[in-house]
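In what follows, a structure is listed as structure tokens, so that the remarks can point back to it.
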Number of protein chains: 4
Amino acid sequence: MLKGFTAPRSPRGIAALVPPPPWHFAGDVLAVEFWNDPDVSVQILPLGVELDERGRGHSVALFTDYQFTAQNEEYLDPARYQCRGFSVLLDAVWKGTPIAWCPYCYVDNDAALMRGWIQGYPRKFGTVHLTRTFAAASMASAPLVNDGRFSACMSAHGRLLVQASVTLREKVERLVGFLDRRIVGRRYFPRLSAGMHDKPAVDELVRCVSDHSLITNIWIGEGELNFPEAYGEELEMLGPLKVGRAYRFSFSYSVTDIEVLADLTA
Amino acid sequence: MLKGFTAPRSPRGIAALVPPPPWHFAGDVLAVEFWNDPDVSVQILPLGVELDERGRGHSVALFTDYQFTAQNEEYLDPARYQCRGFSVLLDAVWKGTPIAWCPYCYVDNDAALMRGWIQGYPRKFGTVHLTRTFAAASMASAPLVNDGRFSACMSAHGRLLVQASVTLREKVERLVGFLDRRIVGRRYFPRLSAGMHDKPAVDELVRCVSDHSLITNIWIGEGELNFPEAYGEELEMLGPLKVGRAYRFSFSYSVTDIEVLADLTA
Amino acid sequence: MLKGFTAPRSPRGIAALVPPPPWHFAGDVLAVEFWNDPDVSVQILPLGVELDERGRGHSVALFTDYQFTAQNEEYLDPARYQCRGFSVLLDAVWKGTPIAWCPYCYVDNDAALMRGWIQGYPRKFGTVHLTRTFAAASMASAPLVNDGRFSACMSAHGRLLVQASVTLREKVERLVGFLDRRIVGRRYFPRLSAGMHDKPAVDELVRCVSDHSLITNIWIGEGELNFPEAYGEELEMLGPLKVGRAYRFSFSYSVTDIEVLADLTA
Amino acid sequence: MLKGFTAPRSPRGIAALVPPPPWHFAGDVLAVEFWNDPDVSVQILPLGVELDERGRGHSVALFTDYQFTAQNEEYLDPARYQCRGFSVLLDAVWKGTPIAWCPYCYVDNDAALMRGWIQGYPRKFGTVHLTRTFAAASMASAPLVNDGRFSACMSAHGRLLVQASVTLREKVERLVGFLDRRIVGRRYFPRLSAGMHDKPAVDELVRCVSDHSLITNIWIGEGELNFPEAYGEELEMLGPLKVGRAYRFSFSYSVTDIEVLADLTA
């Protein structure tokens, strides 16, 4: 009897690329709020998702540096389960409800790539780096203080796609009006049978469900953000016209479920 | 209107991880024939696939070093579309027809990873290296002659999973009785909705369909092969009890279709 | 006028692989104390360095996960200047003074590789991973508590060279009798001129000089350690017969100088 | 007795990052001839090296995809000894003799990085990709024919530094007036002792000596070339004002010696 939440399914079920939920995540974030051109960014939305009129073009660039575990102590296998990622989130609306639409997402790990596809995040490979802070003070460690500075970048296949920098201003207790929307993505798995290439086997709008969300050590500040143009990518079309606040914080959450909003194959 | 054969779907359709078929492949192969323990390898087969009684445990270890293109000159973007991979193929039978069952497959590229999942190959990330031959003779170039030697290896997440070496003996016109079975794999895409984790959205046995297959510069020889044990993998269970002939050749083929043998979700 | 502390020297001096000192480092460490076979490890010592008779074979396996900066805000370029490394340190004696001899050292970054050669660390490329702890509690984050567990591993060219795990027991104020020796290495740069291949241009025993050393958040516990055998490496000859205490802590220090103990070319 | 041509020196001498010469190389090249601004490129020359007045600014961008071996069958360890690189070569003059000055050089392998420093090539890490041709014809394989097209690119730390494309025109017997100068570089190894940071231990102008050079399968054509600006690099200052012919060929050669032209520490 073959076992495994994903391929490859195997006798013991440990070869599968992605272990079964619950999935647990813990890490650090650098995030920059920005506004892009709503006449352009509207084109990235699927049918049924609309830009949020209350902040047309309001978006978030999110860099994550995190560790993953499921039920089998995956956090003790850091070569396989540490990960860094980058996402863009657009303020949008689904049937009147504010959501964050995720048009692009990049990670540096194969298990994370596939978890993303299962969760509706359209992940591709990207190499992500974030300036870190360490417990021992040093010129080499970005401090969590007013004027503390952090950078982040993401490249795919040797091309720089995003560059950000953050200058901290003050510690805050909560993220107010930021990252407070549930993320909506699209699970999409095509058919390869002749004549069916545009009839995907799976095409669902899905809303993420996360448990035990914890956000802590929140610093707010100013950001810079740039999406350089790159061959074979369309990310630059969502690039910032204006940049707002920036954030650095630590997070954890768990995932065992997803909410299917619409089956687009029907 | 969003475009793209896969996610991420985008306004211009060039951001998609995988471009639409037809897909074209050209490259070099090192392959080693071996026999593993049929009492063990039978456990890797899905329902409906059986070991081939005429050569129980007969298998192939296949290392590929290749370039990909679709319709948009992808071969001129080698940072994105060159690839190296490793597959295991087991002699098996589907409803009386000889097939090659692919239980494990590794590649070093995100587009190839996802193409594999679409084709039914259960790909994970692996780093693959093959000794190469070059047009300019040198001690540094493995020669295509009797006694010419090549090596190949595959590692995932820093752990060596396969090591092979090949000593060439003679050039032959054709592969006889080798790699003459159509490959069967399993398209598998899980659900994440609570209570549905074991009810995949897609679970199909599929048989590959390839066009314009060309195999040339075929050398046959002797091989060595080893599947070292590695944490988090089950590949070693299919490791060789006996090693047979080895091959080095160049290949090309195209893919536009797949044959669905069975829908296992039904 | 060309500028640069190292090659490539250039008009503005910013292309150099390594910026000029002072160099600042901050990061996290997992370290495991062990004993290897002194009859074997004595063979890795250069002339003039002897095993320390008071603890023959006593050694340290040191995994580091750190950020680097010099004078030009290199910590804001994490893609270039973050680094993970692994070192072995042997208890030894130089002219009666206890030292830590560094026979092998691996890093995952080109600037760090060359800094090492300049400092006398014989660095090669290795891919290093360490379990991390994050500020937001989670099953995915290793906690700094009694029974908290961490792993670390190092691979080079796809072969696993070191695997370690640490179980924390208690927080301590200081490292006592551990990592209290100055590290001695060997600056070595060969000649390529015919007939001079064994007459290096630089061959110096050097003792590291570090300033502003800070070690904090120290946890002590139990370790496991393994040096798997690997083709093309000799690290396994220094592998553990017995494993002692293990440590997890954060560190920072600066480097502007080195002490030349002996010129071995003379 | 410790052995090894380089660090780490070890009991058996196989742990050394670089094995002793003779070194043998075989591979494929894409090369593009170009002219940069001599008023700028003159600034990259060390004392004693002058631009060649007969072709001020004439330079070559050289992409290599190759395999290395020394005396221990290193070509059978492709994970360690295959390599891709990029170099810039400027037409220059040393004491009246035409030379090719190598101001910048990038490779994707640690052993190659250090070999370069020993040979006077100022190597840093770069990720290099070249379109390949394979024996089996395919849309995925660049053909060696009139109108055959190849691309090459080099990135360092996720930033694209060079992009080139080549359209083949005709096969030729020999490289005439191209790559016919011996390469001159600079062996440079700094001191870290306080007060000596600008007094390198090794600073030599060296001219490469290669044996058994073989160039074959030469195709000549047209090129495009671009050096995008990138943070922390100065390569773009040598970028093309005009692009000339382009080449694709295979090569092999051996190295056992180097000619020291001048000791700049004196």
Side-chain angles (χ1 to χ4, degrees), chain A residues 2 5-12 14-15 17-18 20-21 40 43-46 77 79-80 103-105 109-111 113-114 117-119 122-125 156-159 186-194 197-198 201-202 204 206 209 231-235 237 255-260, chain B residues 2 5-12 14-15 17-18 20-21 40 43-46 77 79-80 103-105 109-111 113-114 117-119 122-125 156-159 186-194 197-198 201-202 204 206 209 231-235 237 255-260:
Chain A
L2 294 172
F5 179 63
T6 67
R9 288 171 60 86
S10 61
R12 291 190 282 149
I14 64 173
L17 178 50
V18 179
V40 175
Q43 302 171 35
I44 198 68
L45 300 180
D77 188 1
R80 251 200 201 90
Y104 297 116
C105 194
N109 174 281
D110 57 346
L113 183 89
M114 192 52 62
W117 281 55
I118 294 166
Q119 291 182 277
R123 287 186 179 158
K124 301 199 286 184
F125 249 68
H157 301 290
R159 296 163 178 118
R186 188 173 186 175
R187 285 167 43 92
Y188 195 93
F189 194 74
R191 284 194 177 86
L192 181 57
S193 302
H197 297 170
D198 57 354
V202 179
E204 301 170 341
V206 290
V209 179
Y231 181 80
E233 303 285 344
E234 299 179 54
L235 188 58
M237 296 170 60
V255 168
T256 55
D257 192 10
I258 205 166
E259 179 189 358
V260 179
Chain B
L2 294 172
F5 179 62
T6 67
R9 288 170 60 86
S10 61
R12 291 189 285 150
I14 65 171
L17 179 50
V18 178
V40 175
Q43 302 172 33
I44 199 68
L45 301 180
D77 187 1
R80 250 199 202 90
Y104 297 116
C105 195
N109 173 282
D110 58 346
L113 183 89
M114 193 52 63
W117 281 56
I118 294 167
Q119 293 183 277
R123 287 185 180 159
K124 301 199 285 186
F125 249 67
H157 301 291
R159 295 165 179 117
R186 188 173 186 173
R187 285 166 44 92
Y188 194 94
F189 194 74
R191 283 194 177 87
L192 182 57
S193 302
H197 296 170
D198 57 354
V202 179
E204 301 170 340
V206 290
V209 178
Y231 182 80
E233 303 284 345
E234 298 179 55
L235 188 58
M237 295 171 59
V255 168
T256 55
D257 191 10
I258 205 167
E259 178 188 358
V260 179

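Quantities reported herein were computed from a predicted structural model and do not represent experimental measurements. Convention: sequence-line order gives letters A, B, ...; per-chain numbering from 1.
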Max heavy-atom pairs within cutoff under 4.5 Å with chain B, candidates A:Val206, A:Ile118, A:Val18, A:Val202, goes to A:Ile118

Among residues at least two apart in sequence or on other chains, which ones pass salt bridge (Lys or Arg N to Asp or Glu O under 4.0 Å) with B:Glu204?
B:Arg187

What part of B:Glu259 gets closer than 4.5 Å to chain A, counting heavy atoms only: side chain, backbone, both or neither?
neither

Fit a plane to each ring of B:Phe189 and A:Phe189, take the angle between them on a 0 to 90° scale, and name the class: parallel (under 30°), tilted (30 to 60°) or perpendicular (over 60°).
parallel

Keeping the roles fixed (side chain from A:Lys124, backbone from B:Pro8), state whether a donor-acceptor pair exists under 3.5 Å.
no

Ranking A:Gly232, A:Gly158, A:Ala201 by heavy-atom pairs under 4.5 Å to chain B gives rank one to A:Gly232

Would you call the rings of B:Phe125 and A:Phe125 parallel, tilted or perpendicular, taking 30° and 60° as the class edges?
parallel

For the interface with chain A, which of B:Leu2, B:Leu113, B:Leu192 has the highest count of heavy-atom pairs at distances below 4.5 Å?
B:Leu192

Between chain B and each of A:Leu45, A:Val40, A:Thr256, A:Leu235, count heavy-atom pairs under 4.5 Å; write down the option with the most.
A:Thr256

Looking at every heavy atom in both B:Ile44 and A:Pro11, which two are closest together, and how far apart are they?
CD1-CD, 3.4 Å

Please name all residues satisfying side-chain contact (heavy atoms from CB on, under 4.5 Å) with B:Ala111, sequence neighbours left out, ordered by chain then number.
B:Leu17, B:Tyr81, B:Asn109, B:Arg115

Return the option, out of B:Pro20, B:Pro21, B:Pro103, with the maximum number of heavy-atom pairs under 4.5 Å with chain A.
B:Pro21

How close do B:Thr6 and A:Pro190 get, heavy atom to heavy atom, and via which atoms?
CG2-CG, 3.9 Å

Supply the atom-to-atom distance B:Gln43 CD to A:Arg12 CZ, rounded to the nearest 0.5 angstrom.
10.0 Å

Nearest-0.5 Å distance, CZ of residue B:Arg123 to CG of residue A:Asp110
13.0 Å

Supply the atom-to-atom distance A:Tyr104 OH to B:Arg9 CZ, rounded to the nearest 0.5 angstrom.
11.5 Å

Stepwise side-chain contact (heavy atoms from CB on, under 4.5 Å) test for A:Arg191 and B:Val260
CA-CA 10 Å; A:Arg191 284 194 177 86; B:Val260 179; over 6 Å; no

